[in-house]
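The structure appears below as structure tokens.
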Amino acid sequence: MNPFRVLGITVDASRMEVERAGQKLLAQLEIGAMSAKYVGEGEQRVQRTPEMVRAAVTALRDPDARIEAELVALATECVLPPVAGVSIWDELGLGFTRPK
Amino acid sequence: MQVLLPVIMAVFWAVRAANRKKSGSVAVSAGSHPAGTSITGQALLRGLGIALLPFIWLLLLTAAVSDPNLERIPPLAAALALTVLCFPVWVAPLCRKLPVSVGYYLTLSVGFNWARSHGVAGAVIVAARARRLNEREGDWLMTRLRNSPHCHALTWVAAGAVRANRGDVKVARLLFGIAARMTPMPGAEPARRLAREWLIAEAVQRGAWTEARSWAADGRGIHAYVTSLGSVVDVFATGRGAATAARTMSAHLRFGLASRLRAHRGAVPNARGLPTAWPDQLGRALALHARAREGRRVEDVQAACAAWDDVAGNAELGSWVRARADTLRAAADPLERLLGRSIAELAEVMWRERWFHTGTGTFGRVSDAAMDRAWPELKDRALAAYGLAETPERVLYAHDAFLAWEPLRVLAAAMIRDRPNDRGTIFQTMYSGSLHLAVVLYNKRGFRYFGNMVFRWLQMEGEGVMTDTLGGVLAGNIRSGI
């Protein structure tokens with residue numbers, strides 16, 4: 001998961017804001033606060049763990065990893081068309097076996 | 001008639017004795033010529049056949065027509081057959097082709113059980129045509145293939161048919177592809193046609209229209225039909241090529257398929273409306289990459305590779321990354337690292353699924369730095385194939401060796417095509433392991449065909465970049481018949 005999403009901060013967060021967000025989440029997880037237990041919504045909701053938070057802070061400390069995380073966070077979410085499952089060949093009834 | 005028949009028999013045995021004396025062998029197998037028979041001798045025999053056969057046939061027909069007694073018809077038919085056998089050199093090419101197509105249908109009509117046959121050639125043709133094998137028949141056929149040191153196109157088709165029937169479509173696609181691309185040999189054309197038909201049908205079922213049309217390039221029979229289908233698909237997908245579709249398809253095909261193709265338009269990659277802004281391009285690349293990692297379709301991997309190429313070529317994105325790197329004082333180029341890791345992951349998917357249809361320009365637009373990051377991943381995969389050379393007993397038969405080596409060869413060919421400046425580096429990586437693999441398998445398992453294929457490929461790809469010593473070794477191996 002993207003480090004910015006794990007920490008719940010924006011892409012333009014400063015280094016100080018990253019450290020502060022990490023420490024806050026670790027403290028909340030330690031006391032079992034429900035507001036910090038999950039990240040994401042709907043089908044993409046996952047449980048936030050202290051290890052995830054520490055890994056996110058470590059990644060954002062590295063300039064190369066931070067830029068990569070910023071790229072992914074800024075990328076527009078793209079919805080691809082579904083993969084077609086019906087073969088025209090079967091409809092035409094030319095007798096070829098559908099590979100399993 | 002009673003006079004002609006002994007004359008015909010005498011001529012038959014005389015000509016046959018002359019053929020045996022010159023060739024030194026009893027049987028002339030398909031695809032070979034009698035050893036020792038000079039060109040002059042063959043031309044003489046052929047000329048004799050052309051000159052005498054019609055004369056003999058005319059005599060026999062005249063005798064049959066002049067005699068109203070129907071009891072003479074069977075001897076007449078026997079005499080006609082014997083005259084055909086009198087001149088095997090002249091009719092041998094025709095006889096070689098007939099059994100493959102006519103024999104198959106005859107065996108089906110009489111319920112012939114090919115599993116009890118000792119003829120592998122006929123068995124593989126029947127197996128490929130049948131497309132459905134039970135467990136016992138599949139095991140029998142694979143055993144026969146393992147015991148055969150030859151790698152004729154028929155054996156590739158048979159191996160592919162068995163794999164396809166067992167559900168291993170990806171390996172079957174590879175084996176059929178090899179048979180379809182093999183150099184034409186006498187007797188191999190039916191096998192190549194079978195392989196191409198299967199590849200076309202399988203590609204169409206996956207919605208891989210480009211791939212299907214590439215296999216149907218010769219434009220005959222079923223191939224022309226698939227080419228026509230592909231033209232119609234282009235019309236509905238992109239709005240272009242209507243004139244081409246109209247030229248290549250008949251009216252009933254065009255209107256009859258129109259409604260079905262509209263329902264399946266989602267299966268065709270949309271060539272319009274590709275994003276140009278870098279957040280949209282990057283998002284599309286990430287989405288395609290996630291789909292490609294599942295490894296279900298080669299088209300997803302192709303689309304992901306093309307999407308990453310677009311990302312690498314986006315100048316606005318490059319400027320943004322450079323500005324951020326300066327601000328954060330990044331040591332390396334994060335965009336190159338992302339591209340390299342993505343390309344390596346796609347290469348891993350291709351290797352795992354045995355796909356290497358990377359297309360033109362897939363690796364070409366990725367920078368050297370990104371490819372340097374992908375190379376370790378690709379080299380690890382290459383070295384894994386060479387492990388077979390250390391344990392040749394794991395190689396059951398020549399097809400196993402080829403299946404392990406072929407993805408490596410296709411990968412190297414794609415890399416050399418897209419990155420011609422790296423040809424020397426790519427060849428150096430490939431040559432040592434390939435050479436060792438081929439030599440070990442030849443010395444310990446007698447895989448002459450596999451060795452010859454590897455040596456010829458190395459000789460072709462290493463032209464201009466390999467040392468004279470290596471070139472001499474390869475040429476010597478090829479000359480000695482390995």
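Within every chain, numbering begins at 1; the chains are lettered A, B, ... in the order of the sequence lines, protein sequences first and strands thereafter.
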field: Heavy-atom side-chain proximity of B:L317 to A:L71 below 4.5 angstrom
entry: yes
task: Using a cut-off of 6.0 Å, state whether more than 12 heavy atoms not belonging to A:E51 lie near its atom CD.
output: yes
message: Show the nearest heavy-atom pair for residues B:P334 and A:E68, with the distance to one decimal.
response: O-OE1, 4.2 Å
query: How close do B:G283 and A:A75 get, heavy atom to heavy atom, and via which atoms?
result: N-CB, 3.7 Å
task: Look up atom CD1 in A:I67 and atom OG1 in B:T327, then write down how far apart they are to the nearest 0.5 Å.
output: 8.0 Å
message: Minimum heavy-atom separation for B:A330 and A:D64, please, with both atom names.
response: CB-OD1, 3.0 Å
task: Might you confirm whether atom CZ of B:R324 has over 12 heavy atoms from other residues, nucleotides or ligands at distances under 6.0 Å?
output: yes
- line: Whatever's closer than 4.5 Å to a heavy atom in chain B on A:R15 counts as neither
- request: Can you measure from CD (A:E70) to CG (B:L328) and round to the nearest 0.5 angstrom?
  value: 6.0 Å
- prompt: Side chain, backbone, both or neither: which part of B:A285 has a non-hydrogen atom closer than 4.5 Å to chain A?
  reply: neither
